[in-house]
Structures are given as structure tokens and as C-alpha cells.
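Single-structure report; data block below.
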Amino acid sequence: MNADHRVIALIDMDCFYVQVEQRLQPEFLGKPCGVAQYYTWKGGGLIAVNYEARNFGVKRGMRGEQAKELCPDFHVFHVQEVNGKANLTRYRDASADVFRVLNANFKLVEKASIDEGGKAGERVMELFQVEYIGQLRKYSLDALQTSMGEKDGYWLFNLTRGIETTAVNSRNLYKTISASKNFPGKTCLDTIDKIRIWCHNLAEEIFNRLEKDRAENKRRAKLLTVTCTLTTNETIARSCPINEYSIDRFANDTLKILKQYNKNSSTSNIYTPAIINLGISAGKFLDSVNTKSIADLFSKQTTKVETIRSTENTINWQEEDGEEEDNNIEEKVLEKPITTITTLSIQGDFFRKFKKTDEQINTQLKSENKTTTSSITSFFSRYTTNENVLNSSPNKIDDQYITCSKCHKSILMWNMPEHDDFHYAHELQMEENKTNSIIKTSKPIKRKTNKQKINNQTLDSFINKKPKN
DNA sequence: ACGGATCCGACT
DNA sequence: TAGTCGGAT
Ligand SMILES: Nc1ccn([C@H]2C[C@H](O)[C@@H](COP(=O)(O)OP(=O)(O)OP(=O)(O)O)O2)c(=O)n1
Ligand SMILES: [Mg+2]
Ligand SMILES: [Mg+2]
């Protein structure tokens with residue numbers, strides 16, 4: 001794909017977790033609701049809020065109780081809990097469903113995280129006193145590089161001229177699998193017994209997710225990282241190798257690491273300073289097919305697991321039993337890690353910021369804008385019922401066709417939103433070509449609003465797939 | 001007591 | 001190159 005002529009579509013589900021719940025309980029469709037984690041502390045913390053509820057001022061991060069004050073009819077869905085910890089499996093699975101559909105229908109799909117806010121965007125706006133990205137064109141490459149650094153300045157210079165050739169990544173696989181939990185206030189983990197239990201709970205969740213990942217993606221995590229925050233407010237992260245997927249091994253390894261920060265006597269059950277956040281993460285995935293042969297191809301790589309310094313001694317990671325007679329515990333053998341993709345950190349932040357700006361612009365452009373919006377259920381049905389959504393073959397019944405007013409082509413009814421988008425994109429392109437040819441005052445970016453939704457049908461009749469969960 | 005989770009760059 | 005830490009979302 002030539003980066004000069006490519007079209008990148010951005011797909012972002014509306015209030016995703018809420019829709020996942022509504023799909024399971026359709027009686028709440030059209031009602032203000034949100035998804036919260038936990039309950040006992042002020043009705044739980046909201047992590048997703050639908051648009052009906054946003055109209056009442058309900059926001060992510062609010063407590064369920066506060067949402068009820070703002071919106072008496074507000075309904076709270078609660079995240080499933082397993083062993084007293086929020087478990088996001090339902091949403092991960094739903095997300096995987098979305099990506100299965102996307103991957104089956106598009107050549108190149110990249111998972112991104114585009115959100116409002118963003119420090120880099122703010123810094124640029126502040127520094128250069130601009131509101132729109134195009135206004136940056138009045139600054140020289142030199143000026144941009146002086147303020148933003150050589151790399152980011154160059155990127156920005158080209159970006160403002162419509163030049164951005166970064167490849168779209170085709171990978172969607174996560175690089176880490178992690179499970180963590182806060183233990184605020186009185187709930188802090190201040191005894192070995194409590195810590196042991198939570199090491200086990202987190203280990204179990206990680207294990208389950210790793211096993212599923214191994215089956216689906218034919219790879220194995222090689223590194224376990226334990227992260228904890230103590231009441232002293234310091235955060236510590238330590239890693240150890242994963243030799244085998246096992247709940248007990250994960251739990252025991254985690255516990256062993258944590259014990260090294262216990263200032264109390266090792267015979268006491270009291271743990272000081274207490275733990276207010278505990279997390280386990282698995283990463284450094286390696287393909288499990290041909291692992292042996294691949295490992296043999298490269299000379300053995302030795303990786304040092306950082307020594308843990310305390311005033312008295314230096315402790316290194318070591319196996320429980322001495323089977324692995326690697327007495328030089330300073331070094332352990334790990335296979336060569338997979339190559340990681342690097343991207344400029346500024347990119348995501350920058351877009352995030354200007355996305356917000358765009359939304360401000362939207363209010364001015366309301367009347368001429370439209371947006372293609374549909375429910376999550378219609379997303380699945382539409383993109384799974386047709387063999388080839390984008391180029392569906394025209395051997396269908398006549399009354400399913402409509403004539404496009406712009407190009408007078410006969411278009412399958414359910415392809416009309418996409419077809420219409422084509423014209424929309426085309427118009428944008430023409431406009432952009434005009435403004436790009438000459439460097440002059442920039443125009444606000446023309447953008448679709450979220451308000452006027454066409455194709456917002458909640459087409460229950462199209463539902464042919466329901467989750468089991 | 002604004003949680004759980006993921007990614008990435010800087011630093012060493 | 002590997003592990004740790006912190007920032008960002
Ligand atoms: N701080 C956050 C942000 C998001 N999410 C979860 C819940 C969201 O439903 C999902 C998708 O994130 P979005 O930022 O896309 O938010 P929504 O889809 O909920 O809302 P919008 O309609 O604005 O996209 O990720 C979360 O748990 N914590
Ligand atoms: Mg969003
Ligand atoms: Mg969304």
C-alpha cells in the first residue's frame with residue numbers, strides 16, 4: 001500500500017463495555033447506564049458510561065452512587081468478580097470478537113489507543129500558540145526540532161503537510177498479560193497470609209489467561225514480573241523466568257520476591273511496609289512452535305536478572321530446588337526475545353490532543369456533518385452475515401438496491417453507509433489537496449460529529465450471534 | 001478510596 | 001541487550 005494514497009479508517013466502539021452488557025441484557029437498551037467495578041465503596045467506580053447517561057453529566061471515574069444522584073434512573077452493570085477481584089474477561093472476549101471480524105474483512109488492522117487528552121498535544125499548542133494542526137506549517141523545521149527534538153520535530157513538520165508514512169501495524173497481539181489489584185487504606189496487605197492468598201489469586205488469573213493465549217496464539221511467556229506498591233509509596237518491579245505455566249509456581253515465585261521487601265522478621269506473620277498494590281505480569285512471548293530449533297540457531301543469550309540490593313546482602317533469582325544446578329545465579333539463560341515494534345511516543349499523544357480540538361470544531365460544523373454509527377450488535381451481524389462486506393456480489397433481489405444520488409450507481413441497501421462514506425472521504429481528499437498545495441492559513445478539520453447519527457438502527461433483527469457469556 | 005491494564009521510552 | 005521505573009492513556 002502506497003502511503004501517499006492510503007486511507008486509514010478509525011473504528012472506535014461507543015461506550016464499549018456498556019454495549020457488551022446491553023447485548024446480554026437488551027432490556028437496558030436506550031436507558032442510561034454504566035459499568036462499574038466493585039460495589040461496596042460508594043457503589044463502585046464507573047469505567048464506562050453510555051451516551052444517555054452522559055447527558056446527565058455522568059462520567060467515567062465517578063462512583064455509582066454519584067451517578068445515581070445525577071441520574072436517578074441510572075443503571076449500573078457490575079464487572080464480574082473472581083476471588084474478590086474485578087475480572088475483565090467478558091470485555092476481552094468481546095474485543096476479540098470485534099478483531100476477529102475486522103481481521104476477516106480487512107487486510108491491515110492495527111489495535112490503537114486513541115483517546116482525548118494528551119500531554120504532547122497540549123505542549124505543542126501551548127508552545128506554538130496554535131489551535132489547529134495546520135497552523136504549525138508557519139514554523140520552520142528548525143524551530144520545530146529545537147522545541148520538540150530532532151526526531152519528533154521532523155515528524156511534526158511532515159505531519160502538518162499531510163506527510164505521514166508510518167506503516168499500519170498488522171499485529172493485534174498484546175505483548176503482556178497482567179493482573180493487578182489495589183488494596184487501599186485498611187485493606188492493605190499487611191500479613192504474609194494475606195499476601196500468600198493474593199499471590200495465589202493473581203497467579204490463578206494469569207495462569208488461566210496464559211493457557212488460553214498459548215492455545216490461541218501458539219506462544220509462551222518467558223518472563224514473570226511482579227510489581228508492588230508499598231505504603232511507603234515506592235513501587236518495585238522484579239522479574240523472574242517462567243519455565244513452566246503453573247499456578248503454584250507463579251504464586252510461589254511472586255511470594256518469594258515479595259518476601260525480600262519484608263522489613264519484619266521472617267518468622268512473624270506481619271509484613272512491613274504493607275502492600276497497597278500488587279500485580280503480576282507475564283511477557284517476553286516466544287513462539288512455541290519450533291522453539292527448540294529457533295533457540296538452537298542463536299547462540300545462547302544470557303540475561304541478567306537484576307540483583308536485589310539491600311543493606312546486608314545481594315539476592316539473586318534462584319530456583320526453589322537445586323535441580324537447575326546453575327550455581328552462578330548471577331545469570332540465567334533465556335531465548336532471544338522477539339523483535340519489538342517501536343513507534344514515536346509523541347504520535348499517539350498528539351492525535352489524542354487534536355482529536356479533542358476537533359470535537360470543539362464539530363459544534364460549528366454540526367449542520368453539514370454526519371456520522372456512521374451503529375450498535376455493537378449490528379456491527380457483528382452486518383460484518384459476519386455477508387461473505388464479503390466491502391465487495392458483496394450484486395446477484396441479489398432488486399428491491400435491495402438503491403441508486404446513489406452522487407454517482408448514480410446501484411448500491412446494495414446495506415452497503416449504502418459505506419458507499420456514502422466513500423463519497424465523504426473523497427470530498428475530504430479534494431479539500432485537503434486544495435489546502436495542501438499552497439501553504440496558507442489552515443482550515444479547521446472537517447469532521448463528522450457524534451451527535452447526528454445516521455444508521456443508528458438497533459437492528460435486533462440482524463442479530464445472529466449472541467455471546468454465551 | 002480515580003481501578004485495571006497495556007505500552008513505551010529513558011535510564012542503567 | 002536486559003531489567004527497572006515512570007509516564008501516559
Ligand atoms: N480509563 C479507561 C478507559 C477505557 N476503559 C475501558 C472501558 C471502555 O468502554 C473501553 C473503551 O474505551 P474508550 O476510551 O473507547 O471509551 P468508551 O468506548 O467507553 O466510550 P466512547 O464512546 O467515548 O468511545 O475501555 C477503561 O476501563 N478505563
Ligand atoms: Mg473512544
Ligand atoms: Mg470507545
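On a predicted model such as this, the values are computed, not experimentally measured, just so you know. Residue numbers begin at 1 in each chain, while the letters A, B, ... track the order of the sequences.
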### Query
Using the C1' atom in both, what is the distance from B:dC2 to C:dA8, to the nearest Å?
15 Å

### Task
Check whether the side chains of A:Thr176 and A:Ser281 place a donor and an acceptor atom closer than 3.5 Å, and report yes or no.
no

### Query
Side chains of A:Asn252 and A:Asp248: is there a donor and an acceptor less than 3.5 Å apart?
no

### Query
How would you list, by chain and number, every residue that makes a salt bridge (charged side-chain N to carboxylate O under 4.0 Å, His left out) with A:Glu69, sequence neighbours excluded?
none

### Task
For A:Arg54, enumerate each residue passing the salt bridge (charged side-chain N to carboxylate O under 4.0 Å, His left out) test, keeping only those at least two apart in sequence or located in another chain.
none

### Task
Could you check A:Leu173 against A:Phe183 and say which one's nearest nucleotide on DNA chain B is further toward the 5' end?
A:Phe183

Collect all protein-nucleotide pairs involving nucleotides 10-12 of chain B in which both atoms are nitrogen or oxygen and the distance is under 3.5 Å.
none

OP1 or OP2 of [N] sitting under 4.0 Å from any side-chain N/O of [X]?
{"X": "A:Arg92", "N": "B:dG4", "answer": "no"}
{"X": "A:Ser178", "N": "B:dT6", "answer": "yes"}
{"X": "A:Thr225", "N": "C:dT4", "answer": "no"}
{"X": "A:Arg90", "N": "B:dG4", "answer": "no"}

### Query
Any chance the rings of A:Tyr261 and A:Tyr271 have centres within less than 6.0 Å?
no

### Task
Have a look at A:Glu205 and say if it touches a base, only the backbone sugar-phosphate, or nothing, with a 4.0 Å heavy-atom cut-off.
sugar-phosphate

### Query
With a 4.0 Å cut-off on heavy atoms, is A:Lys85 in touch with a base, just the backbone sugar-phosphate, or nothing at all?
sugar-phosphate

### Summary
Among the nucleotides C:dT4, B:dC7, B:dT6, whichever has the atom closest to the side chain of A:Lys175 is B:dC7

### Message
So if I take every side-chain heavy atom of A:Ser239 and compare against B:dC7, C:dG6, C:dT4, which nucleotide ends up nearest?
### Response
C:dT4

### Query
On the ring face of A:Phe285, is A:Lys222 found with NZ or CZ under 6.0 Å from the centre and within 45° of the axis?
no

#### Entry: Qualifying ring pair (Phe, Tyr, Trp, His ring centres under 6.0 Å) pairs, either residue in residues 158-211 of chain A, two or more places apart
A:Phe183-A:Trp198

Identify, with sequence neighbours excluded, every residue that meets ring-ring contact (aromatic ring centres under 6.0 Å, His included) alongside [X].
{"X": "A:Tyr139", "answer": "A:Phe128"}
{"X": "A:Tyr39", "answer": "A:His78"}
{"X": "A:Tyr17", "answer": "A:Tyr91"}

Over how many whole Å does the gap from [X] atom [atom1] to [N] atom [atom2] extend?
{"X": "A:Ile177", "N": "B:dG4", "atom1": "CD1", "atom2": "C1'", "result": "15 Å"}
{"X": "A:Leu224", "N": "C:dA2", "atom1": "CG", "atom2": "P", "result": "18 Å"}
{"X": "A:Trp198", "N": "B:dG4", "atom1": "CH2", "atom2": "C1'", "result": "13 Å"}
{"X": "A:Leu230", "N": "C:dC5", "atom1": "CG", "atom2": "P", "result": "11 Å"}
{"X": "A:Gln80", "N": "B:dG4", "atom1": "CD", "atom2": "P", "result": "15 Å"}
{"X": "A:Ile280", "N": "B:dG4", "atom1": "CD1", "atom2": "P", "result": "14 Å"}
{"X": "A:Leu202", "N": "B:dA5", "atom1": "CG", "atom2": "P", "result": "9 Å"}
{"X": "A:Phe99", "N": "B:dT6", "atom1": "CZ", "atom2": "P", "result": "13 Å"}

## Note on the structure
Under the rule of Watson-Crick or G-U wobble with both distances under 3.5 Å, where | means paired to another strand and [ ] a crossing pair, DNA chain B maps to ....||||||||

Just jot down the side-chain contact (heavy atoms from CB on, under 4.5 Å) partners of [X], sequence neighbours excluded, or say none.
{"X": "A:Glu52", "result": "A:Pro32, A:Asn50"}
{"X": "A:Arg209", "result": "A:Arg92, A:Ile177, A:Ala179, A:Glu205"}
{"X": "A:Thr231", "result": "A:Pro273, A:Ala274, A:Ile276"}

Are there any protein N/O atoms within less than 3.5 Å of an N/O atom in nucleotides 1-3 of chain B, and if so, which ones and at what distance?
{"from": "B:dG3", "atom 1": "OP2", "to": "A:Asn182", "atom 2": "ND2", "distance (Å)": "3.1"}
{"from": "B:dG3", "atom 1": "O4'", "to": "A:Gln37", "atom 2": "NE2", "distance (Å)": "3.2"}
{"from": "B:dG3", "atom 1": "N3", "to": "A:Gln37", "atom 2": "NE2", "distance (Å)": "3.2"}

